[in-house]
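First comes the structure, then the notes that go with it.
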Amino acid sequence: MFRPKVPTMPQPTGLTTPPAVVEPTAVTPHAPAPASTAVTPARNRPAVQLTPGTVLVLVGGGTAVVLVVGAVLVSMLLAVALTATSVAVCAITVRSVVTRR
């Protein structure tokens with residue numbers, strides 16, 4: 001009753017293609033290209049150039065991010081404070097009800 005059934009691997013049916021024959025290719029060495037002797041000097045400039053407009057956009061974006069993150073954190077702190085206050089009020093109320101009985 002509890003004998004496992006081992007699946008059998010079905011045999012392929014239909015036409016099968018023979019494996020492809022790989023033929024070796026000849027490698028011919030060639031002369032390397034002559035190296036360029038004229039080297040241009042690298043310029044000493046930073047990869048990112050900041051214009052006054054770009055600086056203003058970056059400062060404005062950073063300020064906006066700080067304000068949004070600050071507002072989210074303050075609202076979370078306010079939610080925790082309100083929850084703690086309500087739990088404390090409920091605890092005091094339940095305590096006073098229990099002691100009166």
Side-chain angles (χ1 to χ4, degrees):
M1 183 169 133
F2 291 109
R3 291 186 184 173
K5 294 182 180 179
V6 179
T8 58
M9 190 67 144
Q11 297 299 322
T13 58
L15 298 173
T16 59
T17 59
V21 177
V22 178
E23 297 179 6
T25 58
V27 177
T28 57
H30 64 281
S36 175
T37 56
V39 177
T40 58
R43 296 183 180 175
N44 292 334
R45 68 177 195 184
V48 177
Q49 293 181 351
L50 296 177
T51 62
T54 308
V55 171
L56 286 177
V57 168
L58 288 175
V59 169
T63 304
V65 167
V66 167
L67 289 176
V68 168
V69 170
V72 168
L73 291 177
V74 167
S75 63
M76 289 173 62
L77 180 64
L78 182 62
V80 169
L82 287 175
T83 304
T85 304
S86 64
V87 167
V89 168
C90 289
I92 291 173
T93 306
V94 168
R95 183 175 154 196
S96 65
V97 167
V98 168
T99 56
R100 286 184 186 169
R101 287 188 180 192

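Computed from heavy atoms alone, side chains included, the values below leave out hydrogens, waters and symmetry copies. One is the number of the first residue; the rest follow in order along the sequence.
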- Those residues that, when tested against Val98, pass side chain to side chain contact (heavy atoms under 4.5 Å, CB included) (two or more places apart):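 Checked Val98 against side chain to side chain contact (heavy atoms under 4.5 Å, CB included); matches are Val94.
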- Message: Clusters formed by hydrophobic residues whose side-chain heavy atoms approach within less than 4.5 Å: which one holds Leu73, and what are its other members?
- Response: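 Leu73 clusters with Val65, Val69.
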- For Val80, the rest of its hydrophobic cluster, which grows through side-chain links under 4.5 angstrom: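 Hydrophobic cluster check, Val80: no partners found.
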- Query: Nearest 0.5 Å, what's the CG-CG distance between Leu56 and Leu50?
  - Reply: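 Going from the CG atom of Leu56 to the CG atom of Leu50 covers 11.0 Å.
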- Item | Nearest heavy-atom neighbours spanning Thr83 and Ser86 |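 Closest pair (atom of Thr83, atom of Ser86, distance): O-OG, 2.8 Å.
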- Shared hydrophobic cluster, Leu82 / Met76 (ILVMFWY, side-chain heavy atoms < 4.5 Å):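 Different hydrophobic clusters.
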